[in-house]
**Student:** 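Have a look at the structure that comes next, please.
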Amino acid sequence: YQRSLFVRVRDILVDEADQPNLVTLNDAKHHLRVTGNHDDERIDFLVKAATEFVEGSTGKSFSEKTFSIVTDKFDHSFFISNTPVIAVARVQYFDTSNVLQVLAPSKWLTYDQDGATALTHAPGQEWPDVYDRPDAVRITGFSGYESGKVPALAKQAVLMLVRDWYDTPGLGVGATPPWLTPMLWS
């Protein structure tokens with residue numbers, strides 16, 4: 001088991017609007033062999049759309065994002081679908097008096113299981129009882145790749161999507177080219 005670090009600096013959630021694109025505008029223009037700046041806005045839009053498409057298709061976060069899991073009770077383990085997980089920052093719950101509490105990091109831990117991150121109570125600990133409400137448990141954390149560590153295949157998929165969508169405007173953003181499916185699942 002690997003203990004997750006509770007990082008107070010991360011109590012401020014990531015502003016995802018300020019995250020850099022997976023592929024820079026210059027990289028996309030180079031890939032498209034575009035030299036002027038007349039299409040910069042369109043190309044930037046295509047890069048954002050392609051990044052969202054690849055993230056949605058793979059279930060991976062390529063730039064740092066905040067995730068939140070909200071549920072009505074504590075399960076034995078929670079499997080966190082936002083991968084890769086950087087850290088779980090906070091586990092909160094509404095106690096039996098309906099008061100929001102923060103669960104001490106010593107009471108829970110995260111571990112890798114089959115390539116996914118799981119969160120469970122620490123050995124010798126039990127989850128506390130919670131108030132009966134749909135949002136009784138809140139888990140907040142951060143997922144994504146560190147800068148410079150995004151898989152090259154993901155960047156290439158974005159560039160190829162941008163190329164397809166740029167060259168074939170009638171195709172429409174969101175259409176899946178046949179070459180993409182094997183890339184996304186490798």
**Student:** Taking a hydrophobic cluster as the set of Ile, Leu, Val, Met, Phe, Trp and Tyr residues connected by side-chain heavy atoms closer than 4.5 Å, whether directly or through intermediates, do V162 and F45 fall within one such cluster?
**Tutor:**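 Linked, V162 and F45 end up in one cluster.
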**Student:** Should V34 and I43 count as side-chain neighbours, where that means a heavy-atom distance under 4.5 Å?
**Tutor:**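 With C-beta onward as the side chain, the pair touches.
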**Student:** Can you tell me which residue among I80, I69, T140 is in a side chain to side chain contact (heavy atoms under 4.5 Å, CB included) with V88?
**Tutor:**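 Only one of I80, I69, T140 forms a side chain to side chain contact (heavy atoms under 4.5 Å, CB included) with V88, namely I80.
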**Student:** Do V137 and F94 come close enough that some side-chain heavy atom pair is under 4.5 Å?
**Tutor:**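 Answer no - side chains too far apart.
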**Student:** Under a 4.5 Å cut-off applied to non-hydrogen side-chain atoms, are L109 and P123 in contact?
**Tutor:**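 Yes, at least one pair of side-chain atoms sits under 4.5 Å.
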**Student:** Quick one: does V47's side chain get under 4.5 Å of L22's, heavy atoms only?
**Tutor:**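 SC-SC contact between V47 and L22 ruled out.
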**Student:** May I ask you to test the K65-E55 pair for a side-chain heavy-atom distance under 4.5 Å?
**Tutor:**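 Heavy-atom side-chain distance check passes, below 4.5 Å.
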**Student:** Show your working on side-chain contact (heavy atoms from CB on, under 4.5 Å) between V54 and L161 and close with a plain yes or no.
**Tutor:** CA-CA 9 Å; V54 171; L161 273 172; 3.8 Å; yes
**Student:** Measure across V70 and P134 and return the closest heavy-atom pair with its distance rounded to 0.1 Å.
**Tutor:**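 Nearest pair, atom of V70 first, then P134: CG1-O, 4.3 Å.
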**Student:** Give, for atom CD of Q125 and atom OG1 of T120, the distance between the pair rounded to the nearest 0.5 Å.
**Tutor:**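 So the gap between those two atoms works out to 11.0 Å.
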**Student:** Check the pair W108 / L103 against side-chain contact (heavy atoms from CB on, under 4.5 Å), numbers first and verdict last.
**Tutor:** CA-CA 8 Å; W108 51 269; L103 193 62; 3.8 Å; yes
**Student:** Quick one: does K29's side chain have a donor or acceptor within less than 3.5 Å of a partner on G36's backbone?
**Tutor:**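 Yes, because the side chain of K29 sits within donor-acceptor range (under 3.5 Å) of the backbone of G36.
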**Student:** Is there a continuous path of hydrophobic side-chain contacts, each under 4.5 Å between heavy atoms, that joins F79 to F74?
**Tutor:**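 In one cluster with F79: F74, no.
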**Student:** For D27, give me all partners under salt bridge (charged side-chain N to carboxylate O under 4.0 Å, His left out), at least two apart in sequence or on another chain.
**Tutor:**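 Checked D27 against salt bridge (charged side-chain N to carboxylate O under 4.0 Å, His left out); zero matches.
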**Student:** Which heavy atom in D95 sits nearest to a heavy atom in Y131, and how many Å separate them?
**Tutor:**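 The answer is O-CB, 3.1 Å.
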**Student:** Does a sphere of radius 6.0 Å around CG in D40 hold more than 12 heavy atoms from other residues, nucleotides or ligands, not counting ones at 6.0 Å or beyond?
**Tutor:**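 Yes, because the 6.0 Å sphere around CG of D40 holds more than 12 heavy atoms from other groups.
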**Student:** Please report the shortest heavy-atom distance between Y166 and D39, naming the atom on each side.
**Tutor:**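 Closest pair (atom of Y166, atom of D39, distance): OH-OD2, 2.6 Å.
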**Student:** If you take all heavy atoms of F78 and T71, which pair is closest and at what distance?
**Tutor:**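 Closest approach of F78 to T71: CE2-CG2, 3.7 Å.
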**Student:** Is any side-chain heavy atom of S77 closer than 4.5 Å to a side-chain heavy atom of Y111?
**Tutor:**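 Of all side-chain heavy-atom pairs linking Y111 with S77, at least one is under 4.5 Å.
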**Student:** Could you tell me whether the side chain of L159 reaches within less than 4.5 Å of the side chain of R163, counting heavy atoms only?
**Tutor:**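 No - every pair of side-chain heavy atoms lies 4.5 Å or more apart.
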**Student:** Less than 4.5 Å apart, any side-chain heavy atom of Y145 and any of S61?
**Tutor:**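 Not in contact.
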